[in-house]
2 protein chains.
Amino acid sequence: MAQKDTVDRILDAAEALFAERGFAETSLRTITSTANVNLAAVNYHFGSKKSLIQAVFVRFLEPLADSLSDRLDAAQADGQELSLDDLLSLLASAILSAHGEDDVNRTASFMRLLGLAYTQSQGHLRDYLRDRYGSVSTRYVDLLRPACPQLEDTDLFWNTHFALGAAVFSLSNYGALDAMLKDDSGQESRIMNVIKRLLAFISAGVQVSVKV
Amino acid sequence: MAQKDTVDRILDAAEALFAERGFAETSLRTITSTANVNLAAVNYHFGSKKSLIQAVFVRFLEPLADSLSDRLDAAQADGQELSLDDLLSLLASAILSAHGEDDVNRTASFMRLLGLAYTQSQGHLRDYLRDRYGSVSTRYVDLLRPACPQLEDTDLFWNTHFALGAAVFSLSNYGALDAMLKDDSGQESRIMNVIKRLLAFISAGVQVSVKV
DNA sequence: CCTCTTGGCAAACGTATGTTTCAAACATCC
DNA sequence: GGATGTTTGAAACATACGTTTGCCAAGAGG
């Protein structure tokens, strides 16, 4: 099982380092020496750095997409409609459970990666993720529509992206923000409470309809 | 005035390229050849790439900070309290006017930079900006408190960061989102309308209080 | 006229990066 | 147990980067 070991050690190291410093700022040498594997192992097992980046995302998104699909199946089985808050907490718990609730830091660091995937150019990643996970996300958004009957499609489009921004930004900078809060007020936050706040914020914002 | 020309050409090129591709992904060679100046000019005029990055931010933030201060002065002169919506649209118009409303693209691309400053590690930038513009931002947040009397300090802290995330994310990806919307619905957005939507979204979300 | 400063230019420097190579070690199967 | 295919290891490769250097042109001041 030497191979699986090596591959996973590389993925672990890459995931943590990418989340911490970004893609371009993380060299293969840093990754391989953190993972205690030979430099050439990355190109041997993954082919290139680009493919490594994609593999990191796939390893996280695959269970998430499955978990989200399962929960949607279960929730839709009753036949009754899902409310906005149902849908939001369903998504939140799918994300949290995708790799065990215990490892909340991993979730936070994945949110950071998600943010990076958007902000850092990495066009190849965006395209790759879209055509691999587009159907799940479309299914989710389609459920949002009847949950917010007062919204036009354009309202829904922008509101969901505002919400996505709030989530990605705040969770991906959770570490820095928590430190800032502690500086200012001496208090410390717990990530579950922040997620609760975030869901409330999003829920209120998403329902806003704007006539232009 | 050969110098000012060179300095500004570098700043223009750097601003656009950084916004488009990020800091690490933009080389000095790309910047200088876009700006039609010699490679050594960057290190001659700015000292280093780090200082160039800072200079790009200062060139944008300085007028913005001034414009925001002025507007706050003017608004506070009447003596009457500022509502949340007053404060939000005041900030929005300060940002838009900081470099002329005509060049909305420049504002969008600056939002992208702002997002990068958060997500890309660039610790030096974060510290530098904080101690240079911390006082203006503190002043603004202090006005937010009485405008949302029902909020605890912790509510306000997280809600403002959620709002910041929504703004930075959506505006900095405005180009991509607009294209996506057009693909989906054939419609096209105008950025002023999106800003209007964003303000409504934020206004609703910020006022949410959460008991934990 | 000479000197000194400022800005620009081409070339080079040193380093770090992603990738490739090739031989050695290892595992697997007949 | 030897042959075969797979995985590691150390080294090299080619390239791209930020930065530095040394020289030249133009202008200012005495």
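Chain naming here is simple, since letters A, B, ... match the order of the sequence lines and numbering starts at 1 in each. Computed from a prediction, not measured in an experiment: that's the story for all the values here.
- For residues 32-42 of chain A, no residue pair satisfies the side chain to side chain donor-acceptor pair (under 3.5 Å) rule, not counting sequence neighbours.
- Contact annotation: A/T6 side-chain N/O to D/dT7 OP1/OP2 distance is not under 4.0 Å.
- Separating the CZ atom of B/F46 from the P atom of C/dT6 is a distance of 17 Å, rounded to the nearest angstrom.
- In this structure, the side-chain hydrogen bond (donor to acceptor under 3.5 Å, both in side chains) partners of B/D153, at least two apart in sequence or on a different chain, are B/R145.
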Which letters describe nucleotides 15-20 of chain D, given B = protein heavy atom under 4.0 Å from base, S = only from sugar-phosphate, - = neither?
-> --BBBB
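- Between the CG atom of A/L17 and the P atom of C/dG18 there is a distance of 12 Å, given to the nearest Å.
- The side chain to side chain donor-acceptor pair (under 3.5 Å) contacts involving residues 156-166 of chain B comprise nothing, where partners must be two or more places apart or lie in separate chains.
- Note on A/H45: a side-chain N or O is less than 4.0 Å away from OP1 or OP2 of D/dT8.
- Taking both residues in full, the closest heavy atoms of A/V168 and A/G115 are given as CG1-CA, 3.3 Å, listed atom of the first, atom of the second, then distance.
- In this structure, CD1 of A/I31 is placed 11 Å from P of C/dT19, rounded to the nearest angstrom.
- Partners of B/R106 according to the salt bridge (Lys or Arg N to Asp or Glu O under 4.0 Å) rule, which considers only residues two or more places apart in sequence or in another chain, are B/E15.
- The salt bridge (Lys or Arg N to Asp or Glu O under 4.0 Å) search around B/D85 returns none, not counting sequence neighbours.
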